[in-house]
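Scroll down for the structure; my scribbles are underneath it.
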Amino acid sequence: MAWETIADLLGGRVTVGAEVTVKGWVRTRRDSKAGLSFVGVHDGTCFDALQVVAPGDLGNYATEVVRLSAGCAVECDGELVASQGKGQSVELKAAAVRVVGWVEDPETYPVQPKRHTLEYLREVAHLRPRTNTFGAVARVRNCLAQATHRFFHERGFYWIHTPIITASDAEGAGELFRVSTLDLVNPPRNPDGTIDWSQDFFGKQAFLSVSGQLNVETYCQALTRVYTFGPTFRAENSNTSRHLSEFWMIEPEIAFADLRADADLAEAYLKSIFKAVLDERGDDMAFFAEHVEPTCIERLERFVDSSFERMTYTEAIAHLQKAGRTWEYPVQWGCDLQSEHERYLCEELCTTPVVVMDYPKEIKAFYMRLNDDGRTVAAMDVLAPGIGEIIGGSQREERLDVLDARIDGMGLDKRSYWWYRDLRRYGTCPHAGFGLGFDRAVNYVTGMKNIRDVIPFPRAPKLAEF
RNA sequence: UCCUCCGUAGCUCAAUGGUAGAGCAUUCGGCUGUUAACCGAAGGGUUGUAGGUUCGAGACCUACCGGAGGAGCCA
């Protein structure tokens with residue numbers, strides 16, 4: 001008998017009348033003393049469960065079938081038949097139900113067939129994928145990841161595997177996790193008492209990468225269109241619903257391109273992966289719309305059909321000053337946009353994602369290209385309702401003299417960037433790119449409020465149990 | 001890291017400073033081609049931890065631990 005997935009059985013890809021085997025985990029059991037039981041079986045291949053009808057004349061009916069509880073692993077053989085009941089089109093008329101793995105203490109099985117809080121489920125992260133919510137998140141997350149690779153592949157981008165261990169805090173993008181094999185209790189020391197990093201594994205200080213951007217720029221300057229997609233690490237003591245210590249970032253980089261082309265790419269990319277979710281994960285999105293965020297489907301549909309609002313930083317400041325309200329953080333040209341400002345722009349003023357471009361150079365990174373006005377850089381942030389900054393990008397400074405002036409001006413050491421500066425010495429060209437917080441994108445799509453609930457095993461301060 | 005709120009049964013939550021309760025789950029019984037089924041019964045507690053106030057603390061005070069929301073940092 002062929003082993004079929006529940007997605008294929010419920011999706012009409014197996015003909016009614018076929019003899020099949022199904023393997024999965026029990027969600028619910030309802031007994032009919034008329035002599036049969038209904039067992040809801042999930043295998044995670046789609047949102048819905050398969051109803052397995054177990055007749056009372058099965059050899060193990062009294063001894064095993066009626067003892068099935070949530071979480072048990074089973075294999076069921078039987079005929080796929082049209083359902084007599086409501087709620088499902090087809091069901092499995094079981095000829096055999098084999099219990100592969102029992103739940104040893106049903107009373108304390110952490111995932112009961114009832115509503116659990118997301119906070120509680122975080123404490124049982126090894127079992128939460130068995131719930132409707134986390135199964136749906138996992139499938140949508142995968143859909144977004146596959147759609148990401150498809151989007152870039154179809155446009156001639158190459159996926160570059162940038163390193164996870166890096167020897168320099170190149171970007172200055174935050175606190176770093178140190179990678180070291182030195183003895184913490186008794187490290188080798190220099191004559192002046194400081195730690196002698198030359199004796200460490202890499203012969204110098206090393207850290208987990210906070211961004212693949214600087215590395216991927218080198219491949220951009222050879223392969224034209226490239227991107228990274230991998231884990232990124234920040235050791236900041238951030239305790240919020242939108243920060244993780246380990247998160248996944250997508251960073252495309254395009255040569256012979258300016259900031260406008262960069263914004264165009266960001267918009268096309270987001271629309272593409274959101275459309276994939278609408279096309280491929282209707283079952284899961286229907287669940288999110290019903291139980292998590294009622295507007296999540298129409299929000300995506302509107303997103304795919306409309307265009308981003310675009311404004312300059314200077315225009316954004318003007319909008320905020322005209323908003324007719326007092327801000328906790330006063331608004332004036334030159335200040336960084338705070339959460340309350342970003343929220344107003346995308347949630348109230350536009351009610352759509354907004355691209356803010358051309359920020360003051362003082363509040364942005366050294367590698368962003370200086371505009372002709374001499375006071376702004378070609379940077380952009382894409383702000384999404386409910387999430388905040390989902391994309392940060394820029395056109396890169398391709399002129400060596402300007403780049404050097406920026407490095408000096410920010411008090412950085414040019415020698416640390418020798419290979420990055422080399423790119424400007426050998427065939428430099430305009431180029432641009434952005435970083436997308438993948439997990440934040442999953443939040444936006446699903447309507448899930450906390451970033452710890454859209455990554456399988458969240459890492460955050462004091463959180464690394466699983 | 002800062003501000004605010006929260007911590008009671010396996011889970012979700014009640015309980016004026018005065019005998020710790022309900023729903024779901026679990027076990028047992030009844031009923032039914034059932035849909036988070038339904039009806040009845042039973043078991044289940046060092047109220048996050050450690051001190052303190054009080055005749056008496058789940059409740060009030062202090063510290064710590066854990067969680068949530070907001071802020072900062074950012075993606």
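Small disclaimer: the values here were computed from a predicted structure and weren't measured. Scope of the values below: all heavy atoms of this structure, side chains included, with no hydrogens, waters or symmetry mates. Lettering of chains follows the sequences in order, A, B, ..., and the numbering in each one begins at 1.
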*Parallel, tilted or perpendicular for A/His161 and A/Trp159, by the 30°/60° rule?*
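Geometry flag for A/Trp159 against A/His161: perpendicular rings.
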Show me the donor-acceptor pairs within less than 3.5 Å that the side chains of residues 5-17 of chain A make with the rest of the protein, sequence neighbours left out.
| from | atom 1 | to | atom 2 | distance (Å) |
| --- | --- | --- | --- | --- |
| A/Thr5 | OG1 | A/Asp8 | N | 3.1 |
| A/Thr5 | OG1 | A/Asp8 | OD2 | 3.4 |
| A/Asp8 | OD1 | A/Arg13 | NE | 2.6 |
| A/Asp8 | OD1 | A/Arg13 | NH2 | 3.2 |
| A/Arg13 | NH2 | A/Ala7 | O | 3.0 |

Quantified in whole Å, what is the [atom1] atom distance between nucleotide [N] and nucleotide [M]?
N     : M     : atom1 : answer
B/C38 : B/U49 : C1'   : 43 Å
B/U26 : B/G69 : C1'   : 34 Å
B/A20 : B/A57 : P     : 12 Å
B/A15 : B/A71 : C1'   : 35 Å
B/C60 : B/C6  : P     : 9 Å
B/A25 : B/G44 : C1'   : 11 Å
B/U12 : B/G67 : P     : 15 Å
B/U27 : B/U19 : C1'   : 28 Å

*RNA chain B: A/Trp248 or A/Arg343, which has the more 5' nearest nucleotide?*
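Closer to the 5' end of RNA chain B: A/Arg343.
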_A/Ser241 or A/Leu244, whichever maps to the more 5' nucleotide of RNA chain B_ =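 The residue mapped nearer the 5' terminus is A/Ser241.
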_Assess the residue pair A/Glu236 and A/His243 against the criterion (side chain to side chain donor-acceptor pair (under 3.5 Å)); give the C-alpha distance rounded to whole Å, side-chain angles, the decisive distance to 0.1 Å, and a yes or no._
CA-CA 9 Å; A/Glu236 276 135 17; A/His243 289 86; 6.0 Å; no
*asked:* For the residue pair A/Asn60 / A/Arg98, report whether a side-chain donor-acceptor contact shorter than 3.5 Å exists.
replied: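 There is no such pair between these side chains.
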*If we ignore angles and hydrogens, is there a donor and acceptor under 3.5 Å between the side chains of A/Thr352 and A/Glu309?*
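Side-chain D/A pair, A/Thr352 to A/Glu309: absent.
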Residues forming a salt bridge (Lys or Arg N to Asp or Glu O under 4.0 Å) with [X], sequence neighbours excluded:
X        : value
A/Arg141 : A/Asp439
A/Asp413 : A/Arg415
A/Arg281 : A/Asp283, A/Asp284
A/Asp381 : A/Lys364

Does the ring centre of [Y] sit less than 6.0 Å away from the ring centre of [X]?
X        : Y        : value
A/Phe303 : A/Phe308 : yes
A/Phe438 : A/Phe229 : yes
A/Tyr227 : A/His149 : yes

I'd like a list of close polar pairs between nucleotides 38-49 of chain B and the protein, N/O only, cut-off under 3.5 Å.
| from | atom 1 | to | atom 2 | distance (Å) |
| --- | --- | --- | --- | --- |
| B/G43 | N2 | A/Glu107 | OE2 | 2.6 |

N/O to N/O distances under 3.5 Å, protein versus nucleotides 64-68 of chain B:
| from | atom 1 | to | atom 2 | distance (Å) |
| --- | --- | --- | --- | --- |
| B/A68 | OP1 | A/Arg122 | NH1 | 2.2 |

*asked:* Can you list, in residue-number order, the parts of residues 136-153 of chain A that come under 4.0 Å of RNA chain B, counting heavy atoms only?
replied: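 Output list: empty, so none.
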*Is there a residue in residues 45-82 of chain A whose heavy atoms reach under 4.0 Å of RNA chain B, and which residues are they?*
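Those residues are A/Gln51, A/Val53.
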*For residues 351-362 of chain A, pull every pair meeting salt bridge (Lys or Arg N to Asp or Glu O under 4.0 Å), keeping only residues two or more places apart or in separate chains.*
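Matches after skipping sequence neighbours: A/Arg260-A/Asp358.
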*When you look at A/Gln338 and A/Glu342, which way does the side chain to side chain donor-acceptor pair (under 3.5 Å) test go after all the steps?*
CA-CA 6 Å; A/Gln338 303 296 319; A/Glu342 297 181 345; over 6 Å; no
*Using the six-membered ring of A/Tyr444, assess whether NZ or CZ of A/Arg299 lies under 6.0 Å from its centre and within 45 degrees of the ring axis.*
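Yes, a cation-pi geometry holds between A/Arg299 and A/Tyr444.
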N/O (side chain, [X]) to phosphate O (OP1/OP2, [N]) under 4.0 Å:
X        : N     : value
A/Thr240 : B/G72 : no
A/Gln338 : B/C73 : yes
A/Ser238 : B/C74 : no
A/Arg234 : B/C74 : no
A/Ser32  : B/U32 : no

Below 3.5 Å, can you tabulate the donor-acceptor pairs from side chains in residues 268-275 of chain A to any protein atom, sequence neighbours excluded?
| from | atom 1 | to | atom 2 | distance (Å) |
| --- | --- | --- | --- | --- |
| A/Tyr269 | OH | A/Thr148 | OG1 | 2.7 |
| A/Lys271 | NZ | A/Glu267 | OE2 | 3.0 |
| A/Lys271 | NZ | A/Ser306 | O | 2.7 |
| A/Lys275 | NZ | A/Asp279 | OD2 | 3.0 |

*Under 3.5 Å for both distances, Watson-Crick or G-U wobble, that's the pair rule; now give the dot-bracket for RNA chain B, with | marking pairs to another strand and [ ] for crossing ones.*
(((((((..((((....[..)))).(((((.......))))).....(((((..]....))))))))))))....
*Go through the steps to decide whether A/Tyr417 and A/Phe366 satisfy the test ring pair (Phe, Tyr, Trp, His ring centres under 6.0 Å), and finish with yes or no.*
CA-CA 11 Å; A/Tyr417 302 96; A/Phe366 74 91; 4.9 Å; yes
